[in-house]
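Quick note: residue numbers are just sequence positions, from 1. One-based numbering, in listed order, for ligands and for the atoms of each. Quick caveat: nothing in here was measured; it's all calculated off a predicted structure.
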Amino acid sequence: MADIIGKLTRISGPMIAADGMMGVSMGEIVRVGKMRLMGEVIRIDGETAFAQVYEDTSGMYLGEPVEAQGLPLSIELGPGLLSQIYDGIQRPLEALRKSSGDFIGRGLDADPLDYERKWAFTPIAAVGQEVTAGDFIGSVPETEHLNHYIMVPPDKSGKIASIVAAGEYNIKEVIATLEDGTELTMTQKWPVKLPRPFQKKLPSNTPFITGQRVLDMLFPIPLGGSAMVPGGFGAGKTVVEQQISKFCNADIIIYVGCGERGNEMADVLDEFPKLKDPKTGGPLMNRTVLVANTSNMPVAAREASVYTGITLAEYYRDMGYAVAMMADSTSRWAEALREISSRLEEMPGEEGYPTYLSTRIAEFYERTGRVECMGTTAEGEEVRTGSLTLVAAVSPPGGDFSEPVTQNSMRVSGGFWALDAKLAYSRHYPSVNWNQSYSLYLNDLKDWFDQNAPAGWAERRQQVVDLLQKDTELQEIVQLVGPDALQEQERLVLELSRMVKEVFLQQNAFSDNDAYSSLEKTGGLLEALMIFYEECRGALDQGVELQALLDLPEREEISRLREENSEGFDAKKTAVIEAMKTALRGAVEAVA
Ligand code: ADP
Ligand code: MG
């Protein structure tokens, strides 16, 4: 292909225009200016190409060259991705820092993966075997706990002509050839804006377990589902995303952070590498890839980072893993779209966002799901399935959910975990508002919970939903006429709801025993609370005074259960419930 080299004719923040770009394609990568900053063509007008630039454009001059690269923005996939920290265009932050000091220099290139490192490759495919897209040709223990499957890239197929013996190879060495001469290595490139192919989407009936009681019990989503987490500044979005990263039941975490406050991303970069994986005891980074945008990176890089993140996620999904992507926050991405769109002088839609905002958000959420993967497994027997779950934070200005990013995300997201400034202000964390939040997946997950969760899960859930609903109604009455108008049974509802909020819905991310709540603990804690509620209702009917019930020391014991570790929770819970029942029987007998 002939080289396309144009001349810079306009520089407008992160957006540039260049003339003499005839033949360039939409989405093509260009190198801009003498610094060779990376950009992406986002509009073509005859010979003029407009590009968004992923690095700071200051100090460039009109007339400098703009060179088309012939390829859309692509990332490199292969062993060694896990535990990396990348910027939005897959440059490893560590390598960049080393080569340019603490401040990341512009126009720098750095290899996304280590090309020298040797990996222990074990072949799966054999000479003479017909292989197609997605088939496993071998595997590599990427970490102690995770096999990285080397797959035939989506655009290749044929008969294996040669394959190396088990041994140590780097990712650039040819490990297999096809009969037509195609050489396969352990890496492949993929354009980030193009969803990676799969056979078909499958229904998903297995929950994405977060270890957060309010989410797992009230608003669960499946592996392959999506949840949005809207919340104003300080509502707890980042803590929620990090808690889920630590404790969820996914095999792989892709964490995309777009710094909101000055040093927020720096905190994440500092803290993440220190976190322990509760499942293995090893570093959490061993099953994580971080894509980080510090707040001094230009807006276009945020756009790239969400696509880079979801492509990484799809790649591990294709191997048959459960992958969870955390995006914090997608509003920063939408704002980048808005800024670029306004620089392009496009017709603005709602609140200045481009009219294609809803399409972009929908297309992004569409990349989630549980799928039947391309290719067969090694034995060619079972279907390979993988899932990509998305938890996307949204930061509406002033916490106002009527704004376009929240509204457009709501249309496509199956879970809505609304964080509430009032709750956060009163230090009720996680500040998930139980009236506003919802999950559209409850029916899909019902059977799984019936079969696998602690006994009585669905009934307890319904009880607590009803209780909180009654509480909301009664609170309104109290607002109007004061608490004296309430009957004892109604006051019991208020007291028990308060207890549910404090003991069950709240969960301290910084407590060793409570940061994670297993399904046993989540179900057991609610069981204790609901049995207490039932018993108290009965006792009131028998003429016991409400205050006498509230004063029982056994009530405190229930509250204290929250601080018990998930391990061995059942036995402790059973003891507390027995003691509580005995005490209540005593209270009833005393008035009989
Ligand atoms: P956001 O990302 O929405 O701006 P953060 O996630 O940074 O908000 O939360 C702000 C602060 O709220 C945290 O620094 C922490 O002190 C507190 N917080 C949030 N969630 C929890 C939690 N689950 N447990 C304890 N503290 C929390
Ligand atoms: Mg945050």
Task: Trp448 side chain vs Pro207 backbone, donor-acceptor pair below 3.5 Å - done: no
TODO: Pull out every atom of ligand 1 sitting under 4.0 Å from any heavy atom of Gln507, numbered as shown with elements.
DONE: 23 (N), 24 (N)
TODO: Would you check whether Phe233 has a nitrogen or oxygen atom less than 3.5 angstrom from a nitrogen or oxygen atom of ligand 1?
DONE: no
Task: the Mg ion (ligand 2) to nearest N/O/S of Ser329 less than 2.8 Å - done: no
Open item on the list: So, regarding Arg427 and ligand 1 (criterion: nitrogen or oxygen to nitrogen or oxygen, under 3.5 Å), is there a contact or not?
Closed with: no
Task: Salt-bridge present (Arg367, Glu314; N to O < 4.0 Å) - done: yes
Task: Partner set under salt bridge (charged side-chain N to carboxylate O under 4.0 Å, His left out) for Glu339, not counting sequence neighbours - done: Arg343
Task: Within-shell test, Ser329 vs ligand 1, heavy atom, strictly < 4.0 Å - done: no
Task: Ligand-residue contact atoms, ligand 1 with Val239, heavy atoms, under 4.0 Å - done: 6 (O), 9 (O), 13 (C), 19 (C), 20 (N), 21 (C), 22 (C), 23 (N)
TODO: Provide the full list of side-chain hydrogen bond (donor to acceptor under 3.5 Å, both in side chains) pairs with a residue in residues 523-533, sequence neighbours left out, each pair given once.
DONE: Glu527-Lys573, Tyr533-Arg537
- [ ] Run the numbers for me: atoms of ligand 1, each under 4.0 Å from some heavy atom of Ala509, listed by number.
- [x] 22 (C), 23 (N), 24 (N), 25 (C)
TODO: Check for a donor-acceptor pair, side chain of Thr311 on one end and backbone N or O of Val192 on the other, with a separation under 3.5 Å.
DONE: yes
- [ ] Look at ligand 1 and say whether Gly231 reaches it with a heavy atom at a distance under 4.0 Å.
- [x] no
TODO: Could you list which atoms of ligand 1 come closer than 4.0 Å to a heavy atom of Gly232?
DONE: 3 (O)
Open item on the list: Between Thr368 (side chain only) and Tyr365 (backbone N and O only), is there a donor and an acceptor less than 3.5 Å apart?
Closed with: yes
Open item on the list: Gly234 versus ligand 1: do any nitrogen or oxygen atoms come within less than 3.5 Å of each other?
Closed with: yes
Open item on the list: If the threshold is 4.0 Å, N to carboxylate O, is there a salt bridge linking Lys521 and Asp216?
Closed with: no
